[in-house]
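Shown below is the structure under consideration.
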Amino acid sequence: MTWVRILLITVILWISFIVFGTAKEPLKFLYDVEGLYRTIIEGGIPDTAVLPIPREFADKGFSFRITPALYIGSIVQEKIPRDRYTKPLNAYENFYTYEKTPPFMTMSFDFLAGSFRFHVDYPLKREYLLFNLRDESNLPVTDRYPHISVDLNFPYNAYGVFQLGQQYIVIGRCKLRWGEALYPVALSDTSPYYDNLTYHLNAGDLKYTFHYISINPILTKSEWEEQEKVTGSDTPRLKTLVGHRLDVYISKNFRWGIGELTMIGGRVPDLHLISPFVIYHNNFESNTNTMGVLDFSWTPFSGLNIYGELALDDIIIPPSESFDSPTIYAYNLGLRIPFKILKGSFLLNLEYIKVTELMYGKHLPYLRFYNRITYLTNFPPSRHIVDYPTGFAYGPDAEMLVFLLSFFDGDTAANLEIFGLNKGPRDLHTPYEENVEGKMKKVLGARFSVTWKNMGITLELVNGRWRSGVSWKMM
């Protein structure tokens, strides 16, 4: 009977798709490879350092996508056990396999009224626990009773956009990112979403962005005890990330950006802490954790783009400060080279990332730089806390070298990414003052993907483990 209902719903949605047509999402979340290629060939730089940005044209209506995918092999390093809010998980330990796997089906609704646009996605995907036990498919079914596994934690992407001239405001749930790097170190789109309010002003050669982000404040029992020892039992269960940045386009081929991110935990944010126009570093509050951010993009001549980003949590300047605490920072440096071979266009990307041991950390859970998401699984009953770095995808105490070659030609596109990762023993949850001993873990991985029209093929390799899959966009 259940399968009959699923079939009936699918038929109804398919008919609705035909009747209402498709709608294009109002925000753009990724840099377009073809656009980057053209821009660098012409001697320019990308026209934005912050994503998402509104699309030039938006639609209203209903869209319906089915993307069945089948996989063989697995790169999941450790099976995830049942849990109930007792042990936070680091999303990067399984190399974001769950997050990279497309949902089996997505229903999207778009509404347009003057300058206001609204968008929401309802994905149909497998529950977190059951996917990590068996990741051979994105079909929302399982061999366990009741044989259906539907993730009910949606929506992951739902927001409204208000655009007025050269300004726009976004409110809702969506991805965010700063900078042009493959792997940003300040604010990255590693997390499935941020619950945020964003304001952006484009004043020509000067662009300003402000973010107010609410983060899930749930803590495990041990984390709450750690927090309570310092801030007391009446601590408000609130965690907020606030950021602002200014981008200056000095010329057609050079941009300089400066910004700040501050994590506010265990107190109600007020204008003293979150005003868009103050310097957050000067708050000097015990319940805040602030980092400064500098980044640039430079195309010295047609065919070469150089970019970089530096995030500074703490800088020690002798002799005024103690040497007990080292300078805490993260940075990336990369280059892009576009070229053609026969009729095909290629974009070569080489990037190096370095993150020091204490980066993103602090002595209290509410001040650590991660976005906490809870996943509910109904059968078997389980509640998982998963923490996503707000900065570098693999957290603190790490360095990585990445090679990415992208190809596009008409309906065909392909990407080959090869990376070498050195990951130390410290993670997002390591207490700030704790000395951790352990060996550096070396990881070598690769990911190849190719799409032709509606078909996609992927192959992933991580330290000897592999996973290959095929997907098909039916709509």
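Residue numbers count from 1 along this sequence.
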Nearest-0.5 Å distance that lies between atom CD1 in I53 and atom NZ in K28 =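 Spacing of CD1 (I53) from NZ (K28) equals 5.5 Å.
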Charged N-O contact under 4.0 Å between R245 and D295: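 A salt bridge is present here (some side-chain N lies under 4.0 Å from a carboxylate O).
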If only side-chain N and O atoms count, and only distance matters, is there a donor-acceptor pair under 3.5 Å linking S406 with N415?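 Indeed, the side chains of N415 and S406 share at least one donor-acceptor pair under 3.5 Å.
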Is there a side-chain contact between P54 and R117, using heavy atoms and a 4.5 Å cut-off?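 Sidechains of R117 and P54: in contact.
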Margin query: In the structure I gave you, are the side-chain heavy atoms of L30 and D32 within less than 4.5 Å of one another anywhere?
Written below: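 Of all side-chain heavy-atom pairs linking D32 with L30, none is under 4.5 Å.
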message = Heavy-atom count check: over 12 atoms from other residues, nucleotides or ligands less than 6.0 Å from W452 CH2?
response =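 Result for CH2/W452: open.
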- Looking just at side-chain N and O atoms, do E127 and S149 make a donor-acceptor pair shorter than 3.5 Å?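 E127 vs S149: donor-acceptor pair found between side chains.
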- Item | Plane angle bin for Y98 and Y375 - parallel if under 30°, tilted between 30 and 60°, otherwise perpendicular |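 The arrangement is perpendicular - the two ring planes meet at more than 60°.
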In sequence, state the C-alpha distance, the side-chain angles, and the governing distance for D110 and H119, and then conclude on side chain to side chain donor-acceptor pair (under 3.5 Å).
CA-CA 5 Å; D110 288 88; H119 175 86; 2.8 Å; yes
- prompt: Ion pair present between R447 and E417, side-chain N to carboxylate O less than 4.0 angstrom?
  reply: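 E417 and R447: not salt-bridged.
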inquiry  = What verdict does the side chain to side chain contact (heavy atoms under 4.5 Å, CB included) test give for Y366 and L219, after you've listed the backbone C-alpha separation in whole Å, the side-chain angles of each residue and the deciding distance to 0.1 Å?
reply    = CA-CA 9 Å; Y366 273 160; L219 297 177; 3.7 Å; yes
* **Under 3.5 Å side-chain donor-acceptor pair for H384 and S382** =>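 Indeed, the side chains of H384 and S382 share at least one donor-acceptor pair under 3.5 Å.
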ask   = What do the steps show when you test I306 against F296 for side chain to side chain contact (heavy atoms under 4.5 Å, CB included), and what is the final call?
value = CA-CA 8 Å; I306 303 171; F296 76 95; 4.1 Å; yes
### Message
Checking side-chain polar atoms at under 3.5 Å, does Y199 have a donor or acceptor matched by the opposite partner on Q167?
### Response
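There is such a pair (donor and acceptor under 3.5 Å, judged by atom type) between the side chains of Y199 and Q167.
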**Request:** Give a yes or no on whether the backbone of P123 and the side-chain of D121 come within a donor-acceptor separation of less than 3.5 Å.
**Result:**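 Side chain of D121 to backbone of P123, a donor-acceptor pair under 3.5 Å: no, none is there.
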Below 4.0 angstrom, N of the basic side chain to O of the carboxylate: do D409 and K343 qualify?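 Salt bridge absent between D409 and K343.
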Original post:
Quick check, are the ring centers of F111 and F118 under 6.0 angstrom apart?
Top reply: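 F111 vs F118: aromatic centres not under 6.0 Å.
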*asked:* Please evaluate residues F104 and I66 with respect to the criterion side chain to side chain contact (heavy atoms under 4.5 Å, CB included), reporting the C-alpha separation (whole Å), side-chain torsions for both, the decisive distance (0.1 Å), and the verdict.
replied: CA-CA 6 Å; F104 170 71; I66 296 180; 4.1 Å; yes
Looking at every heavy atom in both G243 and L261, which two are closest together, and how far apart are they?
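Minimum heavy-atom separation between G243 and L261: CA-CD2, 3.7 Å.
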Q. When you measure from the centre of the six-membered ring of Y85, is the NZ or CZ of R383 under 6.0 Å away and within 45° of the axis?
A.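 Geometry flag: not set, cation outside 6.0 Å or 45°.
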Taking all non-hydrogen atoms of both residues, which atom of F408 and which atom of V33 are closest, and how far apart?
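Closest heavy-atom pair between F408 and V33: CD2-CG1, 4.1 Å.
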Nearest 0.5 Å, what's the CD1-OH distance between I353 and Y331?
->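 Here the interatomic distance stands at 10.0 Å.
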* Asked: Side chains of T67 and N138: donor-acceptor distance under 3.5 Å anywhere?
  ->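 Result is no, nothing qualifies.
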| request: Report yes if some heavy atom in the side chain of L421 is under 4.5 Å from a heavy atom in the side chain of Y394; otherwise report no. | output: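 A side-chain contact exists here, since the closest heavy-atom pair is under 4.5 Å.
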Would you check if N216 and T374 make a side-chain contact, meaning some heavy-atom pair closer than 4.5 Å?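 Yes. Closest side-chain heavy atoms under 4.5 Å.
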Q.
With rounding to the nearest 0.5 angstrom, report the CG to OH distance, L201 to Y208.
A.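 Here the interatomic distance stands at 9.5 Å.
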Is R38 salt-bridged to E34, cutoff N-O under 4.0 Å?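 A salt bridge links R38 with E34.
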Next item on the list: Taking the six-membered ring of Y193 (Phe, Tyr or Trp), confirm whether the NZ or CZ of R173 is under 6.0 Å from its centre and within 45° of its axis.
Entry: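 So R173 does make the cation-pi contact.
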Review point. Does the pair N289 and T262 meet the rule for a side chain to side chain contact (heavy atoms under 4.5 Å, CB included), with working shown?
Key: CA-CA 5 Å; N289 185 14; T262 187; 5.9 Å; no
Is the side chain of E309 donor-acceptor paired with the backbone N or O of L333 at a distance under 3.5 Å, no angle test?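 Checked: no pair found.
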OH on Y370 to CD1 on I385, rounded to 0.5 Å:
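It is 8.5 Å, given to the nearest 0.5 Å.
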Inset, instruction - Report yes or no: does D427 contribute a side-chain atom to a donor-acceptor pair with the main-chain N or O of P396 at less than 3.5 Å? - result: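 Flag not set: sc D427 to bb P396 has no pair under 3.5 Å.
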Is there a side-chain contact between S191 and I373 (heavy atoms, below 4.5 Å)?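 Heavy-atom side-chain distance check passes, below 4.5 Å.
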query: With a 3.5 Å cut-off and no angle check, do the side chains of E351 and N332 form a donor-acceptor pair?
result: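 No - no donor-acceptor pair under 3.5 Å links their side chains.
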For N153 and L376, indicate whether the former's side chain and the latter's backbone hold a donor-acceptor pair under 3.5 Å.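 Checking the backbone N and O of L376 against the side chain of N153, a donor-acceptor pair under 3.5 Å is found.
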> So, F116 versus F162, ring centres under 6.0 angstrom or not?
Replying inline: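 No, they do not, as the ring centres are separated by 6.0 Å or more.
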Distance to the ring centre below 6.0 angstrom and angle to the axis at most 45 degrees; does that hold for K125 and Y156?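 Yes, K125 and Y156 form such a contact.
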- prompt: Can you find a side-chain donor-acceptor pair between S214 and D195 that sits under 3.5 Å?
  reply: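 No, no side-chain donor-acceptor contact under 3.5 Å.
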#### Entry: Aromatic ring pairing Y159/F29, orientation class (parallel under 30°, perpendicular over 60°, tilted between)
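Plane angle over 60°, so perpendicular.
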**Asked** Is the shortest heavy-atom distance from the side chain of K340 to the side chain of Y37 under 4.5 Å?
**Response**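 Yes. Closest side-chain heavy atoms under 4.5 Å.
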| field | Carboxylate-amine/guanidinium proximity below 4.0 Å for K175 and D189 | value |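 No, no charged N to carboxylate O under 4.0 Å.
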**Study point:** Heavy-atom donor-acceptor pair, N202 side chain to Y168 backbone, under 3.5 Å
**Key:**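 Not at all, since once roles are kept as given, no pair shorter than 3.5 Å links the two residues.
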Discussion item. Testing the basics here: between I264 and L367, what is the closest heavy-atom pair and its distance to 0.1 Å?
Written reply: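 Closest pair (atom of I264, atom of L367, distance): C-CD2, 4.4 Å.
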Note to self: Would you say the ring centers of H200 and F210 fall short of 6.0 Å from each other?
What the structure shows: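 No - the distance between ring centres of H200 and F210 does not fall below the 6.0 Å cut-off.
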Q. Within the distance-only criterion (no hydrogens, no angle test), does the side chain of R426 pair as donor or acceptor with the backbone N or O of P431 below 3.5 angstrom?
A.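 Yes; judged by distance alone, with no hydrogens or angles, the pair exists.
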Distance alone, cut at 3.5 Å: any donor-acceptor contact between the side chains of N94 and T97?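 Judged by distance alone, the side chains do not pair up.
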Could you check whether any side-chain N or O of N132 sits under 3.5 Å from a backbone N or O of L130, counting only pairs where one atom can act as donor and the other as acceptor?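 Between the backbone of L130 and the side chain of N132 there is no qualifying donor-acceptor contact (under 3.5 Å).
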| query | Counting N and O atoms only, with roles assigned by atom type, does the side chain of S188 sit under 3.5 Å from a partner on the main chain of A393, one being a donor and the other an acceptor? | reply |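 No; zero donor-acceptor contacts below 3.5 Å.
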With rounding to the nearest 0.5 Å, note down the distance linking OG1 in T377 to CG in L129.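 Answer for the OG1-CG pair, T377 versus L129, is 4.5 Å.
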ask   = Which of these, I215, D387, L241, L187, sits in a side chain to side chain contact (heavy atoms under 4.5 Å, CB included) with F369?
value =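 When side chain to side chain contact (heavy atoms under 4.5 Å, CB included) is applied between F369 and each of I215, D387, L241, L187, only L241 qualifies.
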Heavy-atom pair of closest approach, residues A330 and Y360: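 Nearest heavy atoms, A330 then Y360: CB-OH, 4.0 Å.
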* Applying salt bridge (charged side-chain N to carboxylate O under 4.0 Å, His left out) between E223 and each of K239, R237, K87, R372, report the one that passes. =>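 Exactly one candidate clears the test, R372.
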task = Keeping the roles fixed (side chain from Y128, backbone from D151), state whether a donor-acceptor pair exists under 3.5 Å.
result =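 No, the answer is negative, given that no donor and acceptor are paired below the 3.5 Å cut-off.
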Margin query: Can you tell me how far apart CD1 (I40) and CG (L335) are? Round to the nearest 0.5 Å.
Written below: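 If I round to the nearest 0.5 Å, the distance is 9.5 Å.
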Can you find a heavy atom in the side chain of L36 that is under 4.5 Å from one in the side chain of R336?
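Touching, per the 4.5 Å side-chain cut-off.
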Worksheet item: Taking all atoms of both residues into account, what is the closest heavy-atom pair of Y92 and L428, and its distance?
Response: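 Reported closest heavy-atom pair: OH-N, 4.0 Å.
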With a 4.5 Å limit on heavy-atom distance, are the side chains of R255 and E180 in contact?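 Result yes, sub-4.5 Å side-chain heavy-atom pair found.
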Q.
How close do T430 and P425 get, counting heavy atoms only, and between which atoms?
A.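 Looking at all heavy atoms of both residues, the closest pair is OG1-O, 4.4 Å.
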